[in-house]
Each structure stands twice: as structure tokens, then as C-alpha cells.
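These notes concern the structure reproduced below.
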Amino acid sequence: MNPLKVTKENLGVNSPIPLEVLKDDPAVIQRFADDLMYEYQAAKNAGRQKVVFIIPVGPVGQYDIWAERCNAEGVGLNDLVLINMDEYLTVDSQSFIPLTDPLSFRNHMQVHFFSKLAPELAPPPEQLMFPDPKDPGAVPRAVAHYGGCDVCFGGIGITGHVAFNDPPEPGVAISLEAFKELPTRVVRLSRETRLINSITTSRGNIDRIPEFAVTVGMKEILESRKVRIYMNRTWQAAIVRKILHGPVTPSVPASLLQEHPDVRFTIAAYVAELPEPQLK
């Protein structure tokens, strides 16, 4: 069966990955925010001293909602360890892009989450981290130190990447087992990823999208106790079908989640539409 021909009604049927379809983008973002709160409290109730989340910047909007809810309900996140998935790097791949760059994930988190939390409710600074291009091993060390990652939250790129784990370039061979073991590292972004990110953030200015990034690895993602994925872009209609109904392959990195014991995809209804061509 060609996964790209799976109808909206049959999307997710018989897939190893549970699928939740919500009305629209606001509903997906609200569910993301609700899940952040629920999973934190569930982990604390289960006895976790520190709750470890791997989180993305995109989709966007959920952190504002979560911060506002924490403030309103007086929910302290002092035991939360937040590991951001990735960040863009400078042209030499050695340093983060500046905080003043509109594409900075670090600045986005500061503006839309860290600064919005009441200080007494916020995690301490040492529990807020991004993968470091100068010390990629800091992420797996932190995960091990705190007893494993409780939940990896994420979105999906047009290549099927989770974080910035793009598929291997044409002509580059890597086994499924080796791909699963890819650690936190510096990567060169694929052409497809830079192009779609330019459409999403820069009105098609692909030259403005950095060539390099630092990303958590497939290893850290797949070893998380739970994985929760959210999709709210019209261009995800094709890749969601490959992930849910295609083979498990490094060519579609998120397809590896078919083998994860506790995963869920939440998508907007328009992402479920068939990805059929239409000239405009």
C-alpha cells in the first residue's frame, strides 16, 4: 500500500502509532500546553524527584499558555529539567547564533516561557539547557544524572526529522541500528529542511536560514519514556502518512517511533487531508 494514498478517514488505522485528530491549530496548541502540565504533574505524582522533558520550539504558542496557567494556579516547576531539542549555529558551526537573531530558539524560550513564569515557580537556571556545540555530551550526561527523560515532546519536519535529525543524504548509507544510536551532535541541515524553514519563518529567504545546528540525537529521543508529537502545518500531510503507514527507515526518521512503547501523535484536521497536487 502506498502510504501517500491513505485517506483522511483511514489515517492512523492499524498504525503502531496512536493518532489524535483535533479541529485546528489552536486546539493542537492547547492540547500541547495541557500535556506539558499533565505530564509534569503525573511524573511528580509517580515519585520522580526531577522531571526531565526534551522540548521543541515549534510548534509555537504552548509555552505562553503553560506559563500563564502555572502562574494562575500557583504550580511550581522547580523540579523540572528542560532540555531544548536544538538551536541554530553560526557559519563556522562552533557557536550559537546570537540571542538578537530573530531565529534564536534560546531567545524564543526566554521571551515566551522563562520570563513569563513567576520567579518563585520557575526551574533554576541550571535545569534549563540547550545542547552545546562545544560539549554535545552534556545532554546525555544530564539525562543520565536525572534518571532518564520522562517525555520527549516534538514536531516533525518535512523530511520526517525529529529535532534536527534529518535523514541521510542521497548516497550516504547508514543502518537502522546505527541511525537509532545517533547522539546529540552538530549537524548540517538538509536542503529540504532549510527551504521549508525559510517558508515558515523568512518568507522564502533560504539564505537567511543557518546551514548548521546542534541537536539532541535519535538515541536520546528514542530512549525517552514517552514521546508526544504535534503537527499543525499543511505541508505535513504527506510526511505524516509516511511516518504512520510506511516502513521503519532512516529515510523517514520519525518512522522509528513506530517501535516506541509509549508514543502519540496529535494533528490538526487539515494535516489529515490527502496530499494531492493542485495548481494555484
Side-chain angles (χ1 to χ4, degrees), residues 52-60 63 81-115 125-143 149 152-172 174 178-224 229 233 235 250 253-254:
V52 181
F53 286 173
I54 295 175
I55 59 168
V57 161
V60 298
Y63 302 119
V81 178
L82 273 183
I83 302 173
N84 275 80
M85 281 186 160
D86 41 31
E87 176 61 297
Y88 288 120
L89 300 179
T90 52
V91 293
D92 63 1
S93 75
Q94 299 301 303
S95 304
F96 296 131
I97 60 173
L99 285 169
T100 53
D101 191 313
L103 295 175
S104 169
F105 296 163
R106 292 173 300 134
N107 183 63
H108 180 93
M109 292 302 299
Q110 178 62 35
V111 171
H112 293 278
F113 189 56
F114 305 149
S115 68
E126 64 269 19
Q127 291 171 201
L128 306 174
M129 67 182 301
F130 277 77
D132 185 347
K134 294 183 173 62
D135 184 15
V139 166
R141 289 198 304 272
V143 171
C149 178
C152 175
F153 298 90
I156 299 293
I158 200 165
T159 64
H161 71 230
V162 189
F164 276 138
N165 292 284
D166 273 321
E169 290 287 345
V172 176
I174 182 171
F179 196 80
K180 291 178 182 178
E181 293 296 315
L182 288 175
T184 300
R185 65 205 186 283
V186 171
V187 295
R188 183 189 290 271
L189 301 179
S190 70
R191 298 169 185 84
E192 294 88 350
T193 291
R194 291 183 66 224
L195 177 59
I196 199 63
N197 286 3
S198 76
I199 293 169
T200 301
T201 68
S202 308
R203 298 183 180 180
N205 184 0
I206 191 172
D207 295 325
R208 189 61 182 79
I209 306 300
E211 292 188 28
F212 293 96
V214 61
T215 183
V216 299
M218 292 301 300
K219 181 176 176 62
E220 288 82 32
I221 293 167
L222 295 173
E223 289 180 352
S224 299
I229 299 294
R233 305 288 186 183
W235 49 257

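No hydrogens, no waters, no symmetry mates; every other heavy atom, side chains included, goes into these values.
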Starting from the C-alpha separation in whole Å, work towards a yes-or-no answer on side chain to side chain contact (heavy atoms under 4.5 Å, CB included) for D166 and V187. CA-CA 9 Å; D166 273 321; V187 295; over 6 Å; no
Give a yes or no answer on whether the side chain of [X] reaches the backbone of [Y] with a donor-acceptor pair at less than 3.5 Å.
X	Y	result
S115	V111	yes
S198	L195	yes
E181	A178	no
R233	G157	no

Any residue meeting side chain to side chain contact (heavy atoms under 4.5 Å, CB included) with E192, in chain and number order, not counting sequence neighbours: I158, T159, S190
Can you confirm whether [X] sits close enough to [Y] that some side-chain heavy atom of one is under 4.5 Å from a side-chain heavy atom of the other?
X	Y	answer
P167	P250	no
I221	N165	yes
M109	I55	yes
D92	F212	no
V57	Y63	no
C152	M85	yes
W235	I199	no
P253	F179	yes

Which pair of heavy atoms, one from [X] and one from [Y], lies closest together, and at what distance?
X	Y	value
V172	P168	O-CB, 3.6 Å
A163	T215	CB-OG1, 3.1 Å
F96	P133	CE2-CD, 3.7 Å
E220	P140	OE2-CB, 3.8 Å
F164	N197	CE2-ND2, 3.9 Å

How far does [atom1] of [X] sit from [atom2] of [Y], to the nearest 0.5 angstrom?
X	Y	atom1	atom2	value
T193	I209	OG1	CD1	10.5 Å
E223	I54	CD	CD1	9.5 Å
T184	K219	OG1	NZ	10.5 Å
S104	I97	OG	CD1	5.0 Å

Whether F105 and Y88 hold their rings parallel, tilted or perpendicular, with breakpoints at 30° and 60°: tilted
Given V216, which partner from the list I83, V162, L182, N84 fulfils the side chain to side chain contact (heavy atoms under 4.5 Å, CB included) test? I83
Residue pairs, two or more places apart or on separate chains, that pass salt bridge (Lys or Arg N to Asp or Glu O under 4.0 Å) and touch residues 132-143: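 Of all non-adjacent pairs touching residues 132-143, those that pass salt bridge (Lys or Arg N to Asp or Glu O under 4.0 Å) are D135-R141.
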Sort and list the pairs that fulfil salt bridge (Lys or Arg N to Asp or Glu O under 4.0 Å) and have at least one residue in residues 96-105, not counting sequence neighbours. D101-R208
Could you walk me through whether R185 and V139 pass the side chain to side chain contact (heavy atoms under 4.5 Å, CB included) test, one step at a time? CA-CA 10 Å; R185 65 205 186 283; V139 166; over 6 Å; no
Thinking salt bridges, do E169 and R191 make one under a 4.0 Å N-O criterion?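 Here E169 pairs with R191 in a salt bridge, since their nearest N and O are under 4.0 Å apart.
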